[in-house]
Number of protein chains: 4
Amino acid sequence: MHTFSEQAQGVIELARFASDKGWLPATSGNLSILVERNPLLFAITRSGADKQRLTEQDVLLVDADMQVQGESSYRPSAETTVHVALYDKLSCGSILHVHTVYNNLISELFARQGYVEIAHHELLKALGHWEEDASVRIPIVPNWADLHQLGQAVADAAKPDVPAVLVRAHGVYAFGDTPDAARRHLEAVEFLCEYVYRLELIRNAGFVSP
Amino acid sequence: MHTFSEQAQGVIELARFASDKGWLPATSGNLSILVERNPLLFAITRSGADKQRLTEQDVLLVDADMQVQGESSYRPSAETTVHVALYDKLSCGSILHVHTVYNNLISELFARQGYVEIAHHELLKALGHWEEDASVRIPIVPNWADLHQLGQAVADAAKPDVPAVLVRAHGVYAFGDTPDAARRHLEAVEFLCEYVYRLELIRNAGFVSP
Amino acid sequence: MHTFSEQAQGVIELARFASDKGWLPATSGNLSILVERNPLLFAITRSGADKQRLTEQDVLLVDADMQVQGESSYRPSAETTVHVALYDKLSCGSILHVHTVYNNLISELFARQGYVEIAHHELLKALGHWEEDASVRIPIVPNWADLHQLGQAVADAAKPDVPAVLVRAHGVYAFGDTPDAARRHLEAVEFLCEYVYRLELIRNAGFVSP
Amino acid sequence: MHTFSEQAQGVIELARFASDKGWLPATSGNLSILVERNPLLFAITRSGADKQRLTEQDVLLVDADMQVQGESSYRPSAETTVHVALYDKLSCGSILHVHTVYNNLISELFARQGYVEIAHHELLKALGHWEEDASVRIPIVPNWADLHQLGQAVADAAKPDVPAVLVRAHGVYAFGDTPDAARRHLEAVEFLCEYVYRLELIRNAGFVSP
């Protein structure tokens with residue numbers, strides 16, 4: 001197990017990775033890494049921080065009641081509720097929540113059916129599906145204003161074999177056993193969201209495969 | 001209150017931020033930070049500067065009559081008129097004007113109705129709207145050739161609770177109490193313009209949500 | 001007037017600028033800066049150089065007959081013919097030739113009529129058109145396999161008040177009195193090509209302005 | 001001929017180049033450079049490495065039976081089978097396999113006919129086709145789950161005069177005599193995939209050239 005200080009450094013690296021890609025616009029998004037599972041303690045970005053310029057002071061140690069451990073004038077992200085609910089349900093070690101145009105589009109376009117299904121695509125392997133003819137349903141939940149309700153909805157929708165949940169017109173929660181796994185899952189989901197959008201677009205525009 | 005020198009440094013940072021994203025193409029755009037409200041003094045980029053390579057000499061201290069304070073062979077941006085009009089009407093502390101393909105598209109596509117309406121989207125929080133079922137109308141004004149008229153039109157359209165105004169086939173003015181707030185508002189508006197464009201595109205192409 | 005050494009340094013800076021934007025893929029494109037007008041001498045990238053890793057050895061001093069001045073085992077870009085023809089016709093001091101997806105799309109989509117017309121757009125100012133209701137026609141020429149014919153076609157199409165010529169399914173030549181002016185013109189043309197493509201796309205998909 | 005150490009350094013440079021462009025998402029893709037042709041030895045990225053952070057330990061020396069030479073706890077990429085098959089059939093010196101949204105889209109949209117044809121485009125020169133009115137068919141093969149079968153399919157489809165093979169909903173294999181040539185071919189193929197997608201999109205949306 002790692003110390004808070006090590007995990008805080010990991011959160012800063014994740015923030016650099018995701019903000020370099022433009023996935024944390026307008027101070028949105030939040031990123032966490034587990035410190036202890038029992039009782040639950042994790043390192044998470046504070047509310048309102050610009051992830052493009054994150055420092056150690058912007059990472060807080062938080063418990064299952066969202067109480068900040070140690071001294072800090074900052075509050076944890078309001079969506080820490082979702083992190084608590086996910087750590088509670090799954091055995092994951094890191095959770096990444098980002099907003100991108102493509103995950104927003106997919107979450108909006110497929111909201112009614114509650115999931116987007118992706119089949120016959122190589123990057124499903126990066127989500128842990130190596131079986132031939134793999135087909136994965138990424139869940140989509142409503143964007144509940146009540147953040148405890150949102151946390152519950154995301155945790156309820158989360159399945160161990162699909163490491164991501166989309167929130168309608170909001171963003172994605174991707175998770176994994178380690179920060180590297182969470183990052184790999186997130187990259188795969190973002191790629192697939194853009195791919196599905198562009199494929200649906202050209203087919204709806206009338207393209208028929210020759 | 002900060003000195004001109006400090007605010008000029010802030011303008012250079014804003015220029016690096018926005019030009020790194022490609023939002024200030026072809027020496028376009030202008031950025032300002034308030035120095036004194038009464039009488040009005042603010043730091044603003046000079047006319048024609050390449051924002052990718054901005055230096056201290058490219059930032060001018062300007063008053064309400066657009067007169068440059070101190071010695072400089074440079075003129076302030078011609079659109080300084082809009083900054084004056086906005087500082088005059090609102091209590092904001094920083095104004096960012098950038099040109100992007102997506103804000104240009106939205107400003108053109110929705111010009112006739114005079115606004116673009118965005119509802120049910122998480123990033124409205126970044127524009128200051130935390131209420132459930134928030135709906136925001138970002139105003140769109142004509143691209144008046146007379147820059148005093150443009151300044152008046154932007155200021156007339158600007159509302160304290162919507163921190164941005166689009167100018168048709170031209171760009172966006174985003175503002176905030178601080179440079180960080182203006183930057184957050186700008187990032188949110190750009191995200192939303194791209195989102196609305198892509199959502200309208202796929203729906204007009206015929207996509208029906210399953 | 002500047003020395004070859006100074007202009008070669010300028011070419012390296014232009015290469016970094018344009019390759020950072022991804023505008024010089026697959027060793028394509030060529031960039032030049034005038035050294036002397038009479039007799040004509042200019043600094044230009046060598047054939048086949050990867051512009052992402054350009055060094056001084058990759059910039060050659062060339063005359064009106066495309067003869068390399070000084071010792072070098074490299075040949076100038078084959079499209080040096082176009083640079084010679086443009087320096088011959090116009091009074092410009094720098095010429096940038098890049099390949100992008102958007103300038104390629106516009107050049108292909110509007111090839112038949114021989115130009116793309118852009119009106120009522122703020123960035124026309126960056127092309128030197130400050131008049132109200134400015135409208136600019138950027139010429140499009142066929143992609144002649146014979147490079148002397150291509151040079152002639154580009155020079156014939158080039159007009160002093162429109163600082164760019166598109167070549168069908170090939171790329172753009174943008175020029176200006178100085179390297180900075182050429183760069184500004186190029187950035188404006190690239191922006192406008194993407195804007196026109198996306199505007200045509202959504203309108204053809206059926207979008208009607210509310 | 002170069003040493004393994006030199007070629008491993010070359011692989012790291014290729015990984016930086018391709019991951020900077022976002023072409024190796026979610027630890028996907030694999031890159032190799034030939035060390036000896038007879039018997040076959042080549043440097044290749046290990047399985048599961050994040051190409052954005054590749055180090056020397058992540059590059060393995062592998063033979064025709066996919067056996068790692070020297071000590072390493074890592075396995076080579078499972079798709080090393082494809083590299084072996086390609087080195088076996090062609091005289092190439094470097095092979096790059098990347099996943100991008102556009103090569104995935106083209107591979108899916110044109111899978112049924114087994115190739116995508118590109119004609120009348122300047123960047124065909126970067127693929128080695130300088131003839132006037134050049135037309136190139138890039139082969140598309142099914143994404144066989146059995147990786148030996150995939151290797152055979154890619155090698156069977158590969159033609160000396162078209163330095164790339166697309167794998168359906170998976171990615172592209174681009175190759176060349178040298179790492180620089182492979183890189184140039186890859187950049188050209190990626191450009192052309194995006195170009196073809198966008199051109200098909202706007203035409204299917206109804207755009208008719210004026």
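Chain A is the first sequence line, chain B the second, and so forth, proteins listed ahead of strands; every chain is numbered from 1. Side chains are part of it too, since the values below use all heavy atoms of this structure and drop only hydrogens, waters and symmetry mates.
Note: B:N104 leads B:D146, B:T100, B:T27, B:N104 in heavy-atom pairs under 4.5 Å with chain C. Considering only heavy-atom pairs separated by less than 4.5 Å from chain B, the leading option among C:H185, C:H121, C:E132 is C:H121.
B:N204 places none of its side-chain heavy atoms less than 4.5 Å from the side chain of C:V208. In this structure the side chain of B:R198 never reaches within 4.5 angstrom of the side chain of C:I202, judged on heavy atoms. Looking at C:S209 and B:F110, their side chains never come closer than 4.5 Å, going by heavy atoms from C-beta outward. Looking at B:L201 and C:L201, their side chains come closer than 4.5 Å, going by heavy atoms from C-beta outward. In this structure, the side chains of C:F17 and B:Q52 come closer than 4.5 Å at one or more pairs of heavy atoms.
Across every non-hydrogen atom of C:P210 and B:L109, the tightest pair is CD-O, 3.7 Å. Of all non-hydrogen atoms in B:A26 and C:A126, the two that sit nearest each other are CB-CB, 3.8 Å.
At a threshold of 4.0 Å, the pair B:D50-C:R183 counts as salt-bridged, since one of the basic side-chain nitrogens sits closer than that to a carboxylate oxygen.
Contacts classified as side-chain hydrogen bond (donor to acceptor under 3.5 Å, both in side chains) and involving residues 161-171 of chain C (residues at least two apart or in different chains) are given here: C:E79-C:H170, C:H97-C:H170, C:E108-C:R168, C:N143-C:H170, C:H170-D:E122.
Proximity to chain C (any heavy atom under 4.5 Å) is restricted, for B:Y102, to the side chain, taken from C-beta onward.
Take B:S135 and apply the side-chain hydrogen bond (donor to acceptor under 3.5 Å, both in side chains) test, not counting sequence neighbours, and it matches B:E117.
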